[in-house]
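For reference, the structure discussed in these notes is given below.
Any value given below was found using the heavy atoms of this structure, including those in side chains, with hydrogens, waters and symmetry copies removed. Note that the structure is a prediction, hence the values are computed from the model and not measured. We count ligands from 1, going down the list as the structure has it; atoms in each ligand are counted the same way.
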Amino acid sequence: MSDPTPVLTIDGPGGSGKGVVSREVALQLHWNLLDSGALYRALGYMLLEKDVDRADIEAVTKIAHTFPIVFLNDQVYLEDDNITAEIRSERVGAVASEIGVHEPVRAALLDVQRSFAKSPGLVADGRDMGTVVFPQAFCKIYLDASPAERAKRRYLQLKDSGFDVNLAELEAQIVARDERDKTRAVAPLKPAADAVVIDTTELRIDEVVAKVVGIAKERLPAD
Ligand code: C5P
């Protein structure tokens, strides 16, 4: 039997740089990319759009099993609607975090996430990639940075995308979201026991990318 598809997981809190680092690492390795946060956000967006009662876990889980999400050329669609920009708001992020505490909702999203593990390899970006979704990953990275630095990065990102944001409010929202992600009973945000933890507070993106690609290449069989 041939070896399974190699999976490199990159977990960490919002603003730790995992999104941009994962994208760049996937480009350099010529591997597929899973942005699992976009999946939780798209589900949150759909619940808001359809005005679904988020306390009704059965209804939310049903939608999570069937919602028509498509990832294509770096864009996220719900059927024909391109929702790439809309899902980046803090409001949608907060709903994603709210529904992510429920085990049945998380379980409903497992198959679609695992379906991204295709040859020649996968870079999986999220909160529980190394701990729950891909525990067999050959390389697990956990990125972190101080809350103030993460808020600053998110602020610049959101401003760039045309959102009207306030830095102090953003830092408070980020800390609240971290707290919920880290303390939830199911799949809490934490480094896997075998993860390499990198503090990116003082590092540039290209330095983090080089570190991650270096660690991955050391572990991959030479071809
Ligand atoms: O990474 P991003 O900020 O896009 O994720 C939005 C929210 O989705 C997170 O705060 C988290 O609550 C949830 N999420 C999750 N598990 C993942 C990815 C995201 O619970 N693997």
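When all heavy atoms are compared, the tightest approach of D125 to S36 is O-OG, 2.7 Å.
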Give a table of atom pairs where an N or O of ligand 1 lies under 3.5 Å from a protein N or O.
| unit_1 | atom_1 | unit_2 | atom_2 | d |
| --- | --- | --- | --- | --- |
| ligand 1 | 1 (O) | K18 | NZ | 3.1 |
| ligand 1 | 1 (O) | R127 | NH1 | 2.7 |
| ligand 1 | 3 (O) | R41 | NH2 | 2.9 |
| ligand 1 | 3 (O) | R127 | NH2 | 3.4 |
| ligand 1 | 3 (O) | R177 | NH1 | 3.3 |
| ligand 1 | 4 (O) | R41 | NE | 2.6 |
| ligand 1 | 10 (O) | R127 | NH2 | 3.2 |
| ligand 1 | 10 (O) | R177 | NH1 | 2.7 |
| ligand 1 | 10 (O) | D181 | OD2 | 2.8 |
| ligand 1 | 12 (O) | D181 | OD1 | 2.7 |
| ligand 1 | 12 (O) | D181 | OD2 | 3.4 |
| ligand 1 | 16 (N) | R106 | NH2 | 3.0 |
| ligand 1 | 20 (O) | R106 | NH1 | 2.7 |
| ligand 1 | 20 (O) | R106 | NH2 | 3.3 |
| ligand 1 | 20 (O) | R184 | NH1 | 3.0 |
| ligand 1 | 20 (O) | R184 | NH2 | 3.1 |
| ligand 1 | 21 (N) | S36 | OG | 2.9 |
| ligand 1 | 21 (N) | R127 | N | 3.3 |
| ligand 1 | 21 (N) | D128 | OD1 | 2.9 |

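A salt bridge between E207 and K211 is absent, with no side-chain N of the basic residue lying under 4.0 Å from a carboxylate O of the acidic one.
Partners of F116 by ring pair (Phe, Tyr, Trp, His ring centres under 6.0 Å), not counting sequence neighbours, listed by chain and number: F71.
Between the side chain of K140 and the backbone N or O of P135, at least one donor-acceptor pair lies under 3.5 Å. Checked by atom type and distance alone, the side chain of D81 never pairs as donor or acceptor with a backbone atom of I83 at under 3.5 Å.
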### Message
If you apply the rule side-chain hydrogen bond (donor to acceptor under 3.5 Å, both in side chains), what do you find for S97 with R180, and how did you get there?
### Response
CA-CA 7 Å; S97 163; R180 179 157 48 199; 2.9 Å; yes
